[in-house]
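This report concerns only the one structure given below.
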Amino acid sequence: MSPSAPPSALRLRGLPKASLPASSSSPPSARFPHHLSMSASSSRRPPPLAATAAAAGTGSGASPSLLAADPGHRDAVLLAARGAMANCLGETSLHLAVPGLRLAAKGKVRDVYESGEHLVLVTTDRQSAFDRVLASIPFKGQVLNETSLWWFDRTRHITPNAVVSSPDKNVTIAKRCSVFPVEFVVRGYVTGSTDTSLWTVYNKGARNYCGNVLRDGMVKNQKLSANILTPTTKAADHDVPVTPEEIINSGLMSKEDFDEARSKALSLFAYGQEVALENGLILVDTKYEFGKTADGTIMLIDEVHTPDSSRYWIADSYKERFSSGLEPENVDKEFLRLWFKNNCNPYEDAVLPEAPEELVCELAWRYIFLFETITNTKFEIPKTQEPIHERISRNVAQALQNL
């Protein structure tokens, strides 16, 4: 994780209405680029922008989007998200509140603390893209942490992982290990909007990417004939695509370790696609990180198949929308990425515009929707307004005493 200086939680009020990036209506070949646990549902109507985001690009006569299948539930989540805007977890300082903790790293989303042979991973509400922090999203840290825990538990047949316990909704305590300086990015479709996304580099003419030969004639959002691995490594504050040969020859990983991690990554992705499809979703692409213990065991670490590390589309509408030249219905942060790309240069501008509150709340809904859809469980909104940092500090201190 590369260090970053995240902003405090956003407090957006009275912002002018913004508009989502319009889905392209041109042919594909011409395009560039655990339910909510609450006492009652709100009858408040969703704001125009959020409603547009939820149903972006739905053609006339098309089936209702899975995202809009339960409007009352969605309205309740949006209302809860607005109420939590001032209580997002933007910064952490557990080392000042919990005896014996040392701040090891402050990433774009996770803050990592050390305690003896264990790491305390705190997932914040910070939203990152383009290798920088864009906003803070209510409940996001809890969603990511609980989503990862669900997947960690269900992928033990593929690979061991570093999880020891989860003493708080935003926290995972993990075993210490030596982390490989490589992110294992697995892709099943030609898509994306960032500089390292497969569609961006393919559209610029690349036909060999990270050691994968790509045929001519593919279009944006097209399914690949087979899943591919496109690993990246860190250079300063951004991701750099690398080939397997470069990873091995530069000494980042041994051939044996790389081959094992690659096999695990591809197996994890295939299993994730299977589970997602069973629940009406397409797992489009994702990234994995691995570490090695003192006894030589390669373990899955960090996060698994979260809406932050992964791209998800609605399965039922994919083929029809692809054939019509429309963007797939996404259940991730892609619409927020596109908003920033349309309103600034997120790679070069020193100061970025604030994300509209309606988009922030819409993303909170999508993250919760994804968690509930994948796990078939209700997501529990925190029932009190206790500051998240105080709750985490208390729970982590108690957990460390019991280790």
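The first residue in the sequence is number 1, and the count goes up from there.
- Here the closest non-hydrogen pair linking Val120 and Leu101 is CG2-CD2, 3.9 Å.
- Contact check for Leu134 versus Ser128: no side-chain heavy atoms found under the 4.5 Å cut-off.
- Salt bridge status for Glu390 with Arg394: absent, with no side-chain N to carboxylate O gap under 4.0 Å.
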If you apply the rule side-chain contact (heavy atoms from CB on, under 4.5 Å), what do you find for Val186 with Ile228, and how did you get there?
CA-CA 6 Å; Val186 186; Ile228 63 173; over 6 Å; no
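- Using a 4.5 Å heavy-atom threshold, the side chains of Trp313 and Leu281 count as separate.
- Not counting sequence neighbours, the partners of Tyr288 by the ring pair (Phe, Tyr, Trp, His ring centres under 6.0 Å) test are His305.
- Partners of His118 according to the ring pair (Phe, Tyr, Trp, His ring centres under 6.0 Å) rule, which considers only residues two or more places apart in sequence or in another chain, do not exist here.
- Atom SG of Cys344 sits about 5.5 Å away from atom CG of Asp349, to the nearest 0.5 Å.
- In this structure, CG on Asn161 lies 8.5 Å from CG on Asp153, to the nearest 0.5 angstrom.
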### Task
Show the numbers, then the answer: is there a ring pair (Phe, Tyr, Trp, His ring centres under 6.0 Å) between Phe130 and Tyr347?
CA-CA 6 Å; Phe130 308 106; Tyr347 287 107; 5.2 Å; yes
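- Between Ile298 and Asp257, the closest side-chain pair of non-hydrogen atoms falls below 4.5 Å.
- Not counting sequence neighbours, the partners of Val182 by the side-chain contact (heavy atoms from CB on, under 4.5 Å) test are Phe184, Pro231, Ile247, Leu252, Met253.
- The OG atom of Ser317 lies 8.5 Å from the CG atom of Leu66; values are rounded to the nearest 0.5 Å.
- In summary, Lys287 and Asp302 engage in a salt bridge, as defined by a charged side-chain N under 4.0 Å from a carboxylate O.
- Among the candidates Thr232, Val185, Asp195, the single residue satisfying the side chain to side chain contact (heavy atoms under 4.5 Å, CB included) test with Asp239 is Thr232.
- Side-chain atoms of Asp125 come within 3.5 Å of backbone N or O of Leu89 as a donor-acceptor pair.
- Residues Arg126 and Asp111 are paired through a salt bridge, judged by an N-O separation under 4.0 Å between the basic side chain and the carboxylate.
- Looking at heavy atoms from C-beta onward, Thr147 lies out of side-chain contact with Ile374 at the 4.5 angstrom threshold.
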side-chain contact (heavy atoms from CB on, under 4.5 Å) between Tyr312 and Ile282, intermediate numbers included: CA-CA 5 Å; Tyr312 285 91; Ile282 295 173; over 6 Å; no
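- A donor-acceptor contact shorter than 3.5 Å is absent between the side chain of Tyr367 and the backbone of Ile137.
- A donor atom on one side chain and an acceptor atom on the other are found under 3.5 Å apart for Arg391 and Asn170.
- Residues meeting the side-chain contact (heavy atoms from CB on, under 4.5 Å) test with Lys223, sequence neighbours left out: Tyr189, Tyr318.
- A heavy-atom distance below 4.5 Å is found between the side chains of Pro382 and Gln142.
- No hydrogens or angles considered: a donor-acceptor pair under 3.5 Å links the side chains of Asn330 and Arg366.
- Considering only heavy atoms from C-beta on, Asn395 stays 4.5 Å or farther from Val171 through its side chain.
- Between Glu362 and Arg74 there is a salt bridge, since a side-chain N of the basic residue sits under 4.0 Å from a carboxylate O of the acidic one.
- Separation of atoms CZ (Phe340) and CD (Gln127) is listed at 9.0 Å; rounding is to 0.5 Å.
- A donor-acceptor pair under 3.5 Å is absent between the side-chain atoms of Thr92 and the main chain of Leu94, judged by distance alone.
- Contact check on Arg207 versus Asp216 returns a salt bridge, with a Lys/Arg side-chain nitrogen under 4.0 Å from an Asp/Glu carboxylate oxygen.
- Within 6.0 Å of CD on Gln398 lie no more than 12 heavy atoms contributed by other residues, nucleotides or ligands.
- Remark: Thr297 pairs with Pro160, Thr293, Asp295, Met299 by the side-chain contact (heavy atoms from CB on, under 4.5 Å) rule, at least two apart or across chains.
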| field | Stepwise side-chain contact (heavy atoms from CB on, under 4.5 Å) check, Leu103 with Glu114 | value | CA-CA 6 Å; Leu103 178 63; Glu114 294 178 336; over 6 Å; no
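- Looking at Arg262, its side chain never comes within 3.5 Å of a backbone N or O of Leu229 through a donor-acceptor pair.
- Taking OH of Tyr113 as the start and OG of Ser93 as the end, the distance is 6.0 Å to the nearest 0.5 Å.
- Here the closest heavy-atom approach between residue Val360 and residue Met85 is recorded as CG1-SD, 3.8 Å.
- Judged by distance alone, the side chains of His73 and Glu372 do bring a donor and an acceptor atom under 3.5 Å apart.
- Between the side chain of Thr286 and the backbone N or O of Ser309, at least one donor-acceptor pair lies under 3.5 Å.
- Arg337 and Ser193 make their closest contact through CD-OG, 3.9 Å (heavy atoms, listed as atom of the first residue, atom of the second, distance).
- Annotation: side chain of Phe322 is in contact with side chain of Val219 (closest heavy-atom distance under 4.5 Å).
- The backbone N or O of Ile173 lies less than 3.5 Å from no partner atom in the side chain of Ser165, so there is not a single donor-acceptor pair.
- Between Arg321 and Glu327, none of the side-chain N atoms (NZ, or NE/NH1/NH2) sits under 4.0 Å from a carboxylate O, so this pair counts as no salt bridge.
- Within the 4.5 Å cutoff, the side chain of Cys177 has no heavy atoms near those of the Lys292 side chain.
- Counting only N and O atoms by type, the side chains of Asn145 and Thr172 include a donor and acceptor under 3.5 Å apart.
- When each of Thr373, Asn376, Thr375 is paired with Asn279, the side-chain hydrogen bond (donor to acceptor under 3.5 Å, both in side chains) condition holds for Asn376 and for no other.
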Quick one: side chains of residues 266-276, donor-acceptor pairs under 3.5 Å with protein atoms, not counting sequence neighbours, listed by atom name and distance.
{"unit_1": "Ser267", "atom_1": "OG", "unit_2": "Ser263", "atom_2": "O", "d": "3.0"}
{"unit_1": "Gln273", "atom_1": "OE1", "unit_2": "Asn227", "atom_2": "ND2", "d": "2.9"}
{"unit_1": "Gln273", "atom_1": "NE2", "unit_2": "Leu283", "atom_2": "O", "d": "3.3"}

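- For the pair Gly291 and Ile301, the tightest heavy-atom approach, listed with the atom from each and the gap, is N-CG2, 4.1 Å.
- Shortest non-hydrogen contact noted between Pro307 and Leu370 is CB-CD2, 3.5 Å.
- Panel note: side chain Thr155, backbone Ile158; no donor-acceptor pair is recorded below 3.5 Å.
- The closest side-chain donor-acceptor pair between Glu303 and Thr306 falls under 3.5 angstrom.
- Taking CG from Leu300 and CZ from Arg156, the interatomic distance works out to 10.5 Å, rounded to the nearest 0.5 Å.
- Contact record, Ser393 with Ala97: OG-CB, 3.6 Å, taken as the closest heavy-atom pair.
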*Take Glu334 and Arg311, measure what salt bridge (charged side-chain N to carboxylate O under 4.0 Å, His left out) needs, and give me the verdict at the end.*
CA-CA 8 Å; Glu334 181 67 9; Arg311 196 186 317 268; 2.9 Å; yes
